[in-house]
Amino acid sequence: MDQIVIRGGQRLKGRIPISGAKNAALTLLPCALLTDEPLTLRNLPRLADVDGFGHLLNQLGCSTTIEGSRPEDFGRVMTARATTLTSTVAPYDIVRKMRASILVLGPLLARAGEATVSLPGGCAIGNRPIDLHLKALEAFGAEIELASGYVKAVAPGGRLKGGKFTFPVVSVGATENAVMAAVLAKGTCILENAAREPEIVDLCNCLVAMGASIDGIGTETLTIEGVDRLHGATYRVMADRIEAGSYACAAVITEGDVELVGAKANEMEATLSALRQAGATVEATKTGIRVAMSGRAQPVTLSTAPYPGFATDMQAQFMAMATLGSGASLFTETIFENRYMHVPELARMGCDIDVRGRSAVVRGVDHLVGAPVMATDLRASMSLIIAGLAAQGQTEVNRVYHLDRGYERLEEKLQAVGADIERISAG
Ligand code: EPZ
């Protein structure tokens with residue numbers, strides 16, 4: 001398994017290109033199942049999860065062709081076409097490796113009137129049930145049975161129907177599955193307390209470009225008028241606001257000055273506000289967002305929440321940044337039940353972090369010391385990179401396959417702004 005080795009102490013200076021958003025790409029790709037015409041996605045990030053999703057689409061009979069990239073994009077162009085579906089089954093061996101595979105459930109139901117998708121199981125950050133996905137689909141007429149670790153869903157008569165569902169808990173994935181199921185239903189589907197993440201706005205805009213009728217995009221109430229069919233489209237994947245926020249934390253902890261090229265301030269206001277709370281200079285530029293810092297980060301008090309609140313996907317990265325802060329910072333993780341896996345690893349580098357249930361107090365220390373550490377999940381891995389960039393000496397991050405799921409060309413991007421970082425391939 002590859003390892004990333006960092007020799008800390010370099011201030012990051014320069015421009016970091018921000019790739020297409022992983023969490024947008026993973027909900028845009030299944031849209032190809034909703035039509036027999038080609039869906040072309042631009043600015044698609046080069047990530048393991050994107051490749052994995054392409055493999056799943058192929059298993060279902062959807063062709064995927066990579067077509068290089070446009071000069072104005074950092075990502076690739078992929079055209080996906082499901083002329084006819086050859087399968088409506090998402091098998092366990094694929095779903096267990098990539099939970100986002102569950103996002104084929106809604107589109108398969110909408111297109112084929114049936115779907116058999118493995119239950120994704122839990123993951124490092126929590127047990128992550130899919131009950132809300134299933135309840136929303138049932139509200140639109142789906143008949144669902146759980147058997148032998150699989151979800152078997154059927155649309156009676158081959159087509160879902162209008163209905164209304166109010167989410168008791170905001171769920172990004174369940175909102176995405178429900179929207180993709182509703183666009184071809186016979187009737188009007190209403191979703192209340194829907195997730196409002198920018199990635200869902202991207203999904204809705206792509207579906208509208210394909211001929212869907214969706215009102216309330218970006219709000220917590222989505223009204224979808226089902227149509228008989230969707231057509232192909234070309235759609236550009238939004239910039240990855242979590243990647244951008246991650247590199248912003250790296251800039252702050254190294255007292256650097258970077259421009260996050262392609263990042264959009266209006267999609268990450270809570271992150272930018274948290275950076276300013278830490279004392280960083282944050283300003284929009286013509287081509288992105290500039291983040292600069294001198295001195296130690298000020299203490300922050302951050303509680304994760306659904307968008308537009310402070311993103312749970314940013315918690316580990318801000319915690320790493322706070323380890324060298326000038327006081328005590330308080331974090332509260334309200335979304336997932338086990339999202340502090342990075343804490344024991346950060347402690348190996350000399351951090352002073354006290355976890356009490358859903359909250360964690362981080363007391364700034366004078367310095368961090370590089371050490372061998374283990375990545376456990378995607379965002380935890382990034383927090384170890386961020387700490388290693390500021391630590392004295394060498395840090396080796398193991399199990400970097402976690403990182404490769406969500407950060408494209410990480411070491412190249414950091415090397416280009418002065419980090420002493422390299423990937424050691426384990427062959
Ligand atoms: C998406 O996961 C993201 N993944 C996650 O990013 C992100 O952390 C999360 O949204 C929250 O923003 C992708 O978009 C591929 P949820 P998702 O459904 O959809 C509970 C990353 O690092 N819940 O919004 O799985 C759930 O347990 C990843 O890029 C139910 O109870 O998250 C959690 O407590 C990690 N029942 C809360 O809702 C359900 O049916 C929010 O989960 C669904 C969710």
Side-chain angles (χ1 to χ4, degrees), residues 19-30 45 47-50 52-53 56 95 97-106 117 119-139 144 146 151 165-180 191 193-203 220 237-238 240-246 267-268 270-271 304-318 332-339 341-342 358 375-383 402-408:
S19 300
K22 166 181 84 84
N23 291 348
L26 294 178
T27 193
L28 291 171
L29 283 162
L47 295 171
D49 274 8
V50 170
F53 212 105
L56 172 57
V95 178
K97 292 178 204 138
M98 186 183 61
R99 312 180 38 75
S101 311
I102 191 68
L103 295 175
V104 301
L105 177 59
V117 179
L119 284 165
C123 78
I125 63 176
N127 72 2
R128 301 182 72 182
I130 60 163
D131 57 312
L132 300 178
H133 297 241
L134 306 184
K135 287 188 181 116
L137 296 176
E138 285 172 333
I144 291 177
L146 298 183
V151 174
F165 183 71
T166 301
F167 286 99
V169 170
V170 172
S171 164
V172 170
T175 300
E176 290 166 345
N177 248 332
V179 168
M180 289 189 282
L191 292 170
N193 198 29
R196 298 165 52 195
E197 271 65 7
E199 292 77 19
I200 290 177
V201 172
D202 231 26
L203 167 64
E220 61 185 33
V237 179
M238 65 177 275
D240 195 319
R241 62 190 174 101
I242 305 300
E243 182 195 24
S246 302
E267 292 168 350
M268 47 193 293
T271 295
T304 62
Y307 192 88
F310 180 73
T312 174
D313 291 350
M314 286 304 315
Q315 177 256 112
Q317 300 91 309
F318 269 82
T332 305
E333 174 53 64
T334 70
I335 307 290
F336 291 110
E337 63 267 32
N338 187 33
R339 206 167 194 178
M341 304 277 281
H342 43 288
R358 291 275 185 140
T376 52
D377 60 86
L378 173 56
R379 306 306 174 183
S381 320
M382 191 59 186
S383 76
H402 288 293
L403 269 172
D404 295 339
R405 300 189 53 183
Y407 291 94
E408 177 183 0

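Note that the numbering runs from 1 along the sequence shown for the chain. Below, all heavy atoms of this structure are taken into account, side chains as well, without hydrogens, waters or symmetry copies. Counting starts at 1 for both ligands and their atoms, in listed order.
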- prompt: What is the closest protein heavy atom to atom 2 (O) of ligand 1, and at what distance does it sit?
  reply: Arg128 NH2, 3.3 Å
message: So, regarding Asp131 and ligand 1 (criterion: nitrogen or oxygen to nitrogen or oxygen, under 3.5 Å), is there a contact or not?
response: yes
message: Apply side-chain contact (heavy atoms from CB on, under 4.5 Å) to residues His342 and Met382 and explain how you reach the verdict.
response: CA-CA 9 Å; His342 43 288; Met382 191 59 186; over 6 Å; no
query: Quick one: does ligand 1 sit under 4.0 Å from the side chain of Ala174, the backbone, both or neither, non-hydrogen atoms only?
result: neither
- line: atom 22 (O) of ligand 1 has as its nearest protein heavy atom Arg379 NE, 2.9 Å
- prompt: Applying a 4.0 Å heavy-atom criterion (strictly less than), which segment of Lys22 is in contact with ligand 1: side chain, backbone, both, or neither?
  reply: side chain
- request: Going by the side-chain contact (heavy atoms from CB on, under 4.5 Å) test, name the single residue among Ile242, Leu403, Thr312 that passes it with Arg379.
  value: Ile242
- prompt: Ignoring hydrogens and geometry, is there a side-chain-to-backbone donor-acceptor pair from Asp240 to Lys22 under 3.5 Å?
  reply: yes
- prompt: Does ligand 1 have any atom that is closer than 4.0 Å to a heavy atom of His402?
  reply: no
- prompt: With a 4.0 Å heavy-atom cut-off (strictly under), which part of Leu134 contacts ligand 1: side chain, backbone, both or neither?
  reply: neither
field: Nearest-neighbour protein heavy atom for atom 16 (P) of ligand 1, which is reported as residue plus atom name and distance
entry: Val172 N, 3.6 Å
- prompt: What protein heavy atom sits nearest atom 23 (N) of ligand 1, and how far off is it?
  reply: Pro129 O, 4.1 Å
query: Is atom 20 (C) of ligand 1 less than 4.0 angstrom from at least one protein heavy atom?
result: no
query: Is there a side-chain contact between Phe336 and Gln315, using heavy atoms and a 4.5 Å cut-off?
result: no
query: Do any nitrogen or oxygen atoms of Leu378 lie less than 3.5 angstrom from nitrogen or oxygen atoms of ligand 1?
result: no
- request: For ligand 1, find out whether one of its N or O atoms is nearer than 3.5 Å to an N or O atom of Glu176.
  value: no
message: Any nitrogen or oxygen of Ile335, side chain or backbone, less than 3.5 Å from one on ligand 1?
response: yes
message: Distance check, rounded to the nearest 0.5 Å: Leu56 atom CG versus Met98 atom CE?
response: 6.0 Å
field: Residue, atom name and distance, where the atom is the protein heavy atom closest to atom 14 (O) of ligand 1
entry: Asn23 CG, 3.3 Å
message: Using modelled atom types and a 3.5 Å cut-off, is there a donor and acceptor pairing between side-chain atoms of Thr175 and backbone atoms of Ala195?
response: yes
Identity and separation of the nearest protein heavy atom to atom 38 (O) of ligand 1: Val169 CG1, 3.8 Å
- request: State whether the side chain of Arg99 and the backbone N or O of Arg128 hold a donor-acceptor pair below 3.5 Å, judged by distance alone.
  value: yes
query: Are the side chain of Arg358 and the backbone N or O of Thr334 linked by a donor-acceptor pair below 3.5 Å?
result: yes
task: Mark yes or no for whether Gln317, through its side chain, and Asp313, through its backbone, hold a donor-acceptor pair below 3.5 Å.
output: yes
query: Got the closest protein heavy atom to atom 26 (C) of ligand 1, with its distance?
result: Phe336 CE2, 4.2 Å
task: Measure the distance from atom 6 (O) of ligand 1 to every protein heavy atom, then report the residue, atom name and distance (to 0.1 Å) of the closest one.
output: Asp313 OD2, 3.0 Å
- request: State the CG-CG distance between Leu105 and Leu134, to the nearest 0.5 angstrom.
  value: 6.5 Å
task: Determine whether the side chain, the backbone, both or neither of Arg405 has a heavy atom under 4.0 Å from any heavy atom of ligand 1.
output: neither
- request: Please confirm whether the backbone N or O of Ala48 pairs with a side-chain atom of Arg405, one donor and one acceptor, at under 3.5 Å?
  value: no
